[in-house]
Amino acid sequence: MSEVRVRFPPSPTGYLHIGGARTAIYNWLFARKHGGKFILRIEDTDADRSTQESIDGILDGMKWLGIDWDEGPYFQTEFAGEHVEKAQQLLADGHAYKCFCTKEDLDAKREAAMAAKKQLGYDGTCRNLTSDEVAHKEAAGIPYVVRFKVPHKDGVVSYDDKVLGLIKRKYSEIEDFVIVRSNGKPLYLLCNVVDDIRDRISHIIRGQDHMTNTTRQILIYEALGAKIPVFAHMPLTLDLKKAKISKRSHGEIVAVQFYQQHGFLPWALVNFLVLLGWNPGDDREIFSKEELIETFSLERINKAASIFNYRKGDPKFFTDPKAININAQYLRTIPVEELAGYVKEELQANDLWDDAYEGDKKEWFLKTLEMIRERFHTIKDFVADGRAYFTDDFQINEKALKKNVLKHPGLKEWLPMLADRFDQLPELTTEEAERVAREFAEEIEVKVGIPINAARAVITGQLKGPSMFELFELFGKERVVSRLRNAPKYFEDQS
RNA sequence: GUCCCCAUCGUCUAGUCUGGUCCAGGACACCGGCCUUUCACGCCGGCAACGCGGGUUCGAAUCCCACUGGGGACGCCA
C-alpha cells in the first residue's frame, strides 16, 4: 500500500458530536496503524453557518480525546481559488455545463416528480443548450449554476467499499448535480474532491450517509483525471428509536464536551465509541492506545448501524450504560497517579484542592483514591460522594442518616462514647479500631454493624463506602473523634 | 416515490466470506447467590436473540430467492 493519508473534514456548524468523533477516531486509528498521516481539514465553505466558536469546540474536543493530527487544520475557504479553477476546467473540458434554470422552476419540477412518484432529479433542460444560447443567456445577465455532466451511458459506477463490499449505481440514476452556486461559489461535492486530491488522500473513511455522494464524487475524480481513493463507509449511529443522533433532537448528550464536563476519562470515551460499530474479533473490550492501534482494521467495521443506548431521563444512567461501565472500569484500573491528575482538576474546580496532596499528604491522597475509586463511575463522583474525604464541610446523605443513624436512638450516646475509646488509643490503626469497635459493640449489646454503619454515615456522609475499619485509620484519630463526637447534633436537628 | 445500504439477546457484538465443532459465545443492563460492618469490586448462577417464508443441501444463523422491517440519500448544506 502506498502512503496512507486520511482526513477528518468537519464542517464547523456545531460542536464536535460523538458521531463525528467516532469518524475521526476510525480515521486516526487507521493512519496510526499504517504509519500514515491524519489530516484535519475544516470545511467552512458554508459561510452562513460556520462559526469560530464551533471551530474551537471541534479542536478542543479532538485534543481532549487525544486524537492528534499530523497536518492542518486546513481551512477549505483558503483554497476557494483552486475550487473555482477546477470548476472552470470541468466546464472547459465539457464535463460540466451552465444551467440557467431558476430555483422556482426546479422546485416546481421536483414537487411534480414527487407527486407523480417518479425519480427526483434534474431533467437536463440546460444540458443541450447550444453555445449561442448559452452566450445569449449570459449576455442577458441570467444567473446560472454549474452542473456536472453525468455521462449518458449504460452500466454502473462502482467501487469496492472496504466495509460494505462492491457498491454499484447506474449512471442513469445519477442526476446532473450542481457543483457551483449561482453566486460563483463551488459546492461541497467539488471542493471536497479537489481538496482530497490536493491532500493526496488515499482512504476516505466516512459515514454511510455519504454513499450517494461517493458515486457522484467518483465521477468528478474521473473527470479530473485523478486517482480514486479507497472508500470505507462506516455504519451510522442511531438512537433507541433508530433515528440519526443529532444536536437538534438529542442535545448535549451527543456532544463530546458533555462527557468532558461529566467526569469521563477521555480515553474511556474513545474506547466506548470505537466499540460502537467495530470489534476486534475476540472478547477484548478494553484497549490501551497501542493495543487499539495494533488491533484496528477497516474490515472489522460492522455494516449495520449501531444504537447509542441512551434513555432520556433515566434516573440511573445519564448516558449509555456501557459507556459509563467502561469509564468506571478505567477509573478503577488506571495507575492511581494518573487518576490523581484528573481528581486534582476536579477538586480544584470545587475549591477542595490542597497542595499538600502533592507534598506531605501525597501518600494519604493516593491511598484515599485507591480506596474509594472502586465504586465510582465518573470523576465527578470524587467531589460528590467523596466530598467528606477532602473537607469537613460536607452534607450527610439523607438516606444514610435515616437508615444508619436516626433509626437507633442509642447512637446519640454511643457514637461519642466510641469517640472517647478511640481517643484513648495511642494510635488509631485499622486493627485497633476493629478491636475496640467490636468490644464496644459487645458491651452495649448491639451488632457491630450498627455503630460501624453509623460511623460511616457521620464520617463519610455516605451510606456506602470502603471498609470502615480501614477508613478509621485513613481519616485519622482527630477527624474520626471529632466527627463521632459531633454526631448528637444530627439527632437534635431532627427534633 | 426512486436509488443505495442493512437485518443475531433490551443494548454493543462473536459466529456469516471458507455450511456441520452453535439446541448460538462474550460484554453491558437486569435478576438471584456467595463474600461482607454497608456499598462496590470479585466470583458463581439466571433471564434473553439467528425478522418471516420458501428453496439448495445429508445438514443453514451461515448459500439463493421473495417478503417484511429498519436506515440513508434524493439541497444553489456539508
Side-chain angles (χ1 to χ4, degrees), chain A residues 9-13 43-46 48-50 76 99 103 106-107 110 113-121 143-147 161 163-165 167-170 173-175 177-183 185 187-189 191-192 207-215 233 235-236 238 240 242-244 272 275-286 302-311 316-317 320-326 328 332 372-376 385 400 403-404 434 437-438 441 447-457 460 462-469:
Chain A
S11 66
T13 54
E43 306 221 319
D44 54 350
T45 53
D46 186 347
D48 295 343
R49 295 194 301 152
S50 299
Q76 196 162 51
C99 169
K103 213 169 184 174
L106 295 175
D107 286 347
R110 187 174 297 121
M114 195 79 100
K117 301 186 173 178
K118 287 209 292 217
Q119 185 183 346
L120 275 49
Y144 63 87
V145 298
V146 177
R147 286 184 185 273
D161 190 293
V163 172
L164 300 169
I167 305 296
K168 304 177 204 172
R169 194 169 170 211
K170 293 193 184 94
E173 267 147 10
I174 306 173
E175 66 169 322
F177 51 93
V178 178
I179 54 177
V180 181
R181 294 180 173 98
S182 55
N183 66 6
K185 295 236 160 74
L187 260 357
Y188 167 80
L189 248 9
C191 300
N192 189 251
Q208 287 180 5
D209 51 345
H210 279 285
M211 285 178 74
T212 51
N213 287 335
T214 297
T215 42
H233 290 100
L236 267 16
L238 312 175
L240 269 176
K242 303 211 169 172
K244 208 170 148 181
F272 165 72
L275 252 18
L276 216 54
W278 173 88
N279 73 82
D282 54 40
D283 290 340
R284 284 177 298 163
E285 291 200 320
I286 301 294
N302 294 128
K303 296 178 175 184
S306 49
I307 291 170
F308 174 60
N309 190 12
Y310 157 67
R311 289 169 202 279
K316 193 165 174 187
F317 301 105
D320 191 314
K322 187 102 184 179
I324 294 177
N325 175 275
I326 288 175
R332 58 175 185 264
I372 61 180
R373 66 168 164 175
E374 201 106 300
R375 64 219 82 210
F376 289 166
D385 295 348
K403 190 177 167 196
N404 290 340
E434 174 158 11
R438 288 194 188 281
K447 283 191 290 187
V448 73
I450 291 173
I452 285 303
N453 288 331
R456 185 191 332 279
T460 71
Q462 297 294 306
L463 191 59
K464 48 196 184 176
S467 158
M468 200 54 222
F469 300 124

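Labels below follow one simple rule: chain letters A, B, ... track the order of the sequence lines, proteins then strands, and each chain is numbered from 1.
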**OP:** Whole angstrom is fine here: how far is it from CD in A:Glu175 over to P in B:rA73?
**Re:** 15 Å
**OP:** Go through the structure and list residues passing salt bridge (Lys or Arg N to Asp or Glu O under 4.0 Å) with A:Arg332, not counting sequence neighbours.
**Re:** none
Original post:
By ring-ring contact (aromatic ring centres under 6.0 Å, His included), which residues pair with A:Phe469, not counting sequence neighbours?
Top reply: none
Original post:
What is the base-pairing partner of B:rU16, counting Watson-Crick and G-U wobble geometry with both distances under 3.5 Å?
Top reply: none
Subject >> P-based separation of B:rA40 from B:rG33 [nearest Å] >> reply: 13 Å
**OP:** Determine whether A:Val178 and A:Leu187 make a side-chain contact, defined as any pair of heavy atoms from C-beta on separated by less than 4.5 Å.
**Re:** yes
Subject >> Any strand: nucleotide that pairs with B:rG53 via Watson-Crick or wobble, under 3.5 Å >> reply: B:rC65
**OP:** Going 5' to 3' through nucleotides 30-43 of chain B, assign each nucleotide B (protein heavy atom under 4.0 Å from a base atom), S (under 4.0 Å only from sugar-phosphate atoms) or - (no protein heavy atom that close).
**Re:** S------BBBBSS-
**OP:** Report yes or no: does A:Arg456 contribute a side-chain atom to a donor-acceptor pair with the main-chain N or O of A:Pro466 at less than 3.5 Å?
**Re:** yes
**OP:** Tell me, please, which residues at least two apart from A:Tyr310 pass ring-ring contact (aromatic ring centres under 6.0 Å, His included).
**Re:** none
**OP:** Considering only atom C1', compute the distance from B:rU56 to B:rC23 and round it to an integer number of Å.
**Re:** 23 Å
Could you list the protein-to-nucleotides 76-78 of chain B atom pairs, N/O on both sides, closer than 3.5 Å?
from	atom 1	to	atom 2	distance (Å)
B:rC76	O2	A:Ser182	N	3.0
B:rC76	O2	A:Ser182	OG	2.9
B:rC76	N3	A:Ser182	OG	2.9
B:rC77	OP2	A:Arg181	NE	2.5
B:rC77	OP2	A:Arg181	NH2	2.7
B:rC77	O3'	A:Arg181	NH2	3.4
B:rC77	O2'	A:Asp46	OD2	2.4
B:rC77	O2'	A:Arg49	NH2	3.1
B:rC77	O2	A:Arg49	NH2	3.1
B:rA78	OP1	A:Thr45	OG1	3.0
B:rA78	OP1	A:Arg181	NH2	3.1
B:rA78	OP2	A:Tyr188	N	3.0
B:rA78	O3'	A:Glu43	O	3.4
B:rA78	O3'	A:Glu43	OE1	3.4
B:rA78	O2'	A:Ser11	OG	3.3
B:rA78	N6	A:Asn213	OD1	3.3
B:rA78	N6	A:Asn213	ND2	3.2
B:rA78	N1	A:Asn213	ND2	3.2

**OP:** Answer yes or no: is there a donor N or O on one side and an acceptor on the other, between the side chain of A:Asp46 and the main chain of A:Ser11, under 3.5 Å?
**Re:** no
Original post:
Mind checking the P distance from B:rU8 to B:rA14? Whole angstroms is fine.
Top reply: 10 Å
**OP:** Flag the pair A:Arg169 and A:Glu173 as a salt bridge only when some basic side-chain nitrogen lies within less than 4.0 angstrom of an acidic carboxylate oxygen.
**Re:** no
Subject >> Integer angstrom distance from the C1' of B:rA29 to that of B:rC9 >> reply: 12 Å
**OP:** Determine which nucleotide pairs with B:rU36, using a 3.5 Å limit on both distances of a Watson-Crick or G-U wobble pair.
**Re:** none
Subject >> Nucleotide forming a Watson-Crick or wobble pair with B:rG10, both distances under 3.5 Å >> reply: B:rC28
**OP:** Could you please name the partner base of B:rG1, counting Watson-Crick and G-U wobble pairs only when both distances are under 3.5 Å?
**Re:** B:rC74
Original post:
Do any N or O atoms from the side chain of A:Thr460 and from the backbone of A:Ala457 form a donor-acceptor pair under 3.5 angstrom?
Top reply: no
Original post:
Would A:Asp320 and A:Lys322 pass as an ion pair if we require N to O under 4.0 Å?
Top reply: no
Original post:
Are the charged groups of A:Asp385 and A:Arg375 less than 4.0 angstrom apart, N to O?
Top reply: no
Original post:
Which value, in whole Å, describes the distance between the C1' atoms of nucleotides B:rC22 and B:rG15?
Top reply: 8 Å
Original post:
On a whole-Å scale, what distance lies between the P atoms belonging to B:rC30 and B:rC41?
Top reply: 10 Å
Original post:
How would you label the contact of A:Lys244 with the nucleic acid (heavy atoms, under 4.0 Å): base, sugar-phosphate, or nothing?
Top reply: sugar-phosphate
Original post:
In the 5'-to-3' direction, what one-character label does each nucleotide of nucleotides 4-16 of chain B receive under the scheme B = base within less than 4.0 Å of a protein heavy atom, S = sugar-phosphate only, - = no such atom?
Top reply: SSSS--SSSSSS-
**OP:** Counting Watson-Crick and G-U wobble pairs only, both distances under 3.5 Å, name the nucleotide matched with B:rG59, or none.
**Re:** none
Subject >> Whole-Å C1' distance, B:rC31 and B:rG69 >> reply: 31 Å
Original post:
Is a side-chain N or O of A:Gln208 found less than 3.5 angstrom from the main chain of A:Ala305, in a donor-acceptor match?
Top reply: no
**OP:** Identify the two heavy atoms, one from A:Ser306 and one from A:Gly277, that lie closest to each other, and give their separation to 0.1 Å.
**Re:** OG-N, 4.1 Å
Subject >> Gap in Å between the two C1' atoms, one belonging to B:rA73 and one to B:rC28, rounded >> reply: 33 Å
